[in-house]
Q: 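To start, I am sharing the structure in question, which I have written as structure tokens.
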Amino acid sequence: MANSKFSIKNCVILPILLAVSVFLFCMPTEWFGIEGLTLVQQRTIALFVFAASMWIIEAVPAWATSIITMVLLIFTVSNGAFSFLTNGENVGTLVGYKDFMAQFASPTIMLFMGGFVLAIAATKVGLDVVLAKVLLKPFGTNPKTVLLGILLVVAVFSMFMSNTATAAMMLAFLAPVLKSLPADGKGKIGLALAIPIGANIGGIGTPIGTPPNVIALGYLKENLGIEVGFGEWCVRMVPYVLVMLIIAWACLLLFFPFKAKEIKLEINSDKKKDYKFWVVAATFVITIALWLIPEKITNLNSNEVALIPFAIFVATGVFSKKDFAEINWDVLWMVAGGLALGTALMKTGLAKVLVDTIPFSSMPAIVVILVSGIVGYAIANFLSHTSAANLLLPILATVAAAVDLEAFGGSAALLIGLAISTSVAMILPISTPPNAIASSTGLVETKDMAKMGIIMGIVGLILGYGVLIIVGF
């Protein structure tokens, strides 16, 4: 069956999508019916369709699609493209090839990489285990409070670490606990579901918690000139995360009550607290503190601060050459490809052409914001959250420049709202890696995950847009 699916995807669907992309690339510009469309803008449309299609069907990994797309952009719409594509009439505005290459090391990528480096170092020296023990100890042995503790601890880790890494780590801690609970009790289902729920929601709490946050902030800063500080984000989003976790806790207790009266957590580590441990611990505190202190006080933005742990860890020997392999380069390149696509939309002038063609300005601003959130949520349940954000944020960045959104939270409400809507998409095991990890326990049925996923999605969208529209950035 797996081979059959692979064959259908790669032998039927993929050729059709490639043919459509080539068709759009080669047709006369007049065929599109868009007044003033240039050849470079037409090629950008074709490559956008290509990237979107590939992200959806995943014929190749999402990061591979991003790299392919960036290379195609350089060789077709940049000033370093093949000469026969840069000469002639109606070519349009070519983008500097350095503008595309720069996305591999954009400040947005550096911010995210800093988060990866912190997470890798914390795991390497055992700081993650120490933090887990310290954070879970106050919740005692009562199953209800332990469940709340797991939700909160997973969420805190996910604010600074990969959601996937956090979910995998916590599942390792909880595996013996899950086995010890009564076989006929539903409480173990609630504990297993607490891991992906805490990971998915917790990532919303900080700018580096999940890729959609980073991508949205990248578009706000680089395309719209709006910069949101690390602390500014946390002040609004951490309370949102806490409310969401309390609601999740209540729902999990309601749907999956415990039979056991006591839970004992055994979290052990064989790591020694040597000098590397204390270097990582001190750096962790310093980095988070600098992220939280307003930029106007330190004159350091969050992208710069993200490089501090990198420098300290390589200087002190905490981070070795081998540790570079553990950085999630695939996620970084996936984000870079999305940013490059956004650069093409903006700098070729295609964004303005689309805005002039589509009557966004005639739509009520609130409708634009809410529909974008619903669409993002729906897509992110079937795509990775990062792919969904990469797919929609370039379009929404264009919309934000054309529609007056000030009465409803401004451009930040539109783009950050999309990041939130993708992060709360968790209906299916394929919706997000933490969901897949929880499903791998064999305790969680799809119907249970869907039940909680739908509830958290609806509540998350209502509360999220409430914060963005009422409180604002």
Side-chain angles (χ1 to χ4, degrees), residues 103 105-119 155-163 201-244 283-312 332 335 338-339 342 369 389 393 396-397 400-401 405-406 408-423 463-473:
Q103 301 310 317
S106 74
T108 300
I109 297 296
M110 292 299 104
L111 174 63
F112 209 20
M113 188 166 69
F116 283 150
V117 169
L118 271 178
V156 169
F157 275 118
S158 289
M159 290 181 186
F160 303 99
M161 292 176 61
S162 154
N163 293 353
I201 294 174
I204 301 172
T206 66
I208 63 165
T210 182
N213 296 358
V214 182
I215 300 169
L217 289 180
Y219 279 111
L220 279 172
K221 181 177 181 180
E222 296 172 21
N223 294 341
L224 299 171
I226 300 173
E227 185 164 4
V228 177
F230 196 97
E232 189 180 1
W233 177 289
C234 294
V235 165
R236 291 159 179 79
M237 291 296 108
V238 170
Y240 164 82
V241 168
L242 290 174
V243 172
M244 287 287 291
T283 305
F284 208 99
V285 172
I286 292 170
T287 303
I288 293 175
L290 289 173
W291 271 334
L292 294 174
I293 297 172
E295 183 180 340
K296 62 183 179 183
I297 296 177
T298 63
N299 197 38
L300 300 176
N301 61 52
S302 55
N303 305 312
E304 293 176 86
V305 173
L307 296 176
I308 293 175
F310 212 160
I312 292 177
L332 295 178
V335 173
L339 292 174
I369 290 175
L393 279 169
L396 294 185
L405 302 168
E406 288 306 312
F408 300 99
S411 300
L414 184 64
L415 271 64
I416 295 175
L418 191 279
I420 292 175
S421 69
T422 57
S423 293
L463 288 181
Y465 280 104
V467 171
L468 293 171
I469 292 173
I470 296 172
V471 179
F473 269 90

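As the structure is a computational prediction, the values presented were derived from the model and not from experiment.
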Q: Looking at M110 and A306, what are the two nearest heavy atoms and their distance?
A: O-CB, 3.6 Å

Q: Which heavy atom in T206 sits nearest to a heavy atom in C234, and how many Å separate them?
A: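 So the minimum-distance heavy-atom pair works out to CG2-SG, 3.9 Å.
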
Q: Is the backbone of P309 close enough, under 3.5 Å, to the side chain of T283 for a donor and an acceptor to pair up by distance?
A: no

Q: Would you sort out whether I208 and L118 count as a side chain to side chain contact (heavy atoms under 4.5 Å, CB included), showing the intermediate values?
A: CA-CA 11 Å; I208 63 165; L118 271 178; 5.6 Å; no

Q: Given side chains that start at C-beta, do those of L290 and E304 come closer than 4.5 Å, heavy atoms only?
A: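 L290 vs E304: side chains apart.
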
Q: Provide the closest heavy-atom pair for G203 versus N163 in the form atom of the first, atom of the second, distance.
A: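 Heavy atoms only, the tightest pair is CA-OD1, 4.1 Å.
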
Q: For a 4.5 angstrom cut-off between non-hydrogen side-chain atoms, does I420 reach L468?
A: yes

Q: Taking the side chain as everything from C-beta on, heavy atoms only, tell me whether S106 gets closer than 4.5 Å to Q103.
A: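 S106 vs Q103: side chains touch.
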
Q: Do side-chain atoms of S421 reach the backbone of L418 as a donor and acceptor pair under 3.5 angstrom?
A: yes

Q: What pair of heavy atoms forms the shortest contact from A400 to L224, and how long is it?
A: CB-CD1, 3.8 Å

Q: Evaluate the side-chain proximity of F473 to I416: yes if any heavy-atom separation is below 4.5 Å, no if none is.
A: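 I416 vs F473: side chains touch.
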
Q: Roughly how far apart are L415 CG and I226 CD1, rounded to 0.5 Å?
A: 8.0 Å

Q: Between the side chain of T422 and the main-chain N/O of A419, is any donor-acceptor distance below 3.5 Å?
A: yes

Q: Treating W233 as the side-chain partner and V238 as the backbone partner, does any N or O pair qualify as donor plus acceptor under 3.5 Å?
A: no

Q: Between the side chain of R236 and the main-chain N/O of G472, is any donor-acceptor distance below 3.5 Å?
A: yes

Q: Do any N or O atoms from the side chain of T210 and from the backbone of N213 form a donor-acceptor pair under 3.5 angstrom?
A: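 Not a single qualifying donor-acceptor pair exists.
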
Q: Where do L332 and F116 land on the side chain to side chain contact (heavy atoms under 4.5 Å, CB included) test, with the steps shown first?
A: CA-CA 10 Å; L332 295 178; F116 283 150; 3.8 Å; yes

Q: Please find the pair of heavy atoms, one from P207 and one from V214, that lie closest to each other, and give the distance.
A: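 Closest heavy-atom pair between P207 and V214: O-CG2, 3.2 Å.
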
Q: Measure the CG-OH distance between L393 and Y219 for me, rounded to the nearest 0.5 Å.
A: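 Rounded to the nearest 0.5 Å, the CG-OH separation comes to 6.5 Å.
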
Q: Measure across K221 and E227 and return the closest heavy-atom pair with its distance rounded to 0.1 Å.
A: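 Minimum heavy-atom contact is NZ-OE2, 3.6 Å.
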
Q: How long is the gap from CZ on F230 to OG1 on T287, to the nearest 0.5 Å?
A: 10.0 Å

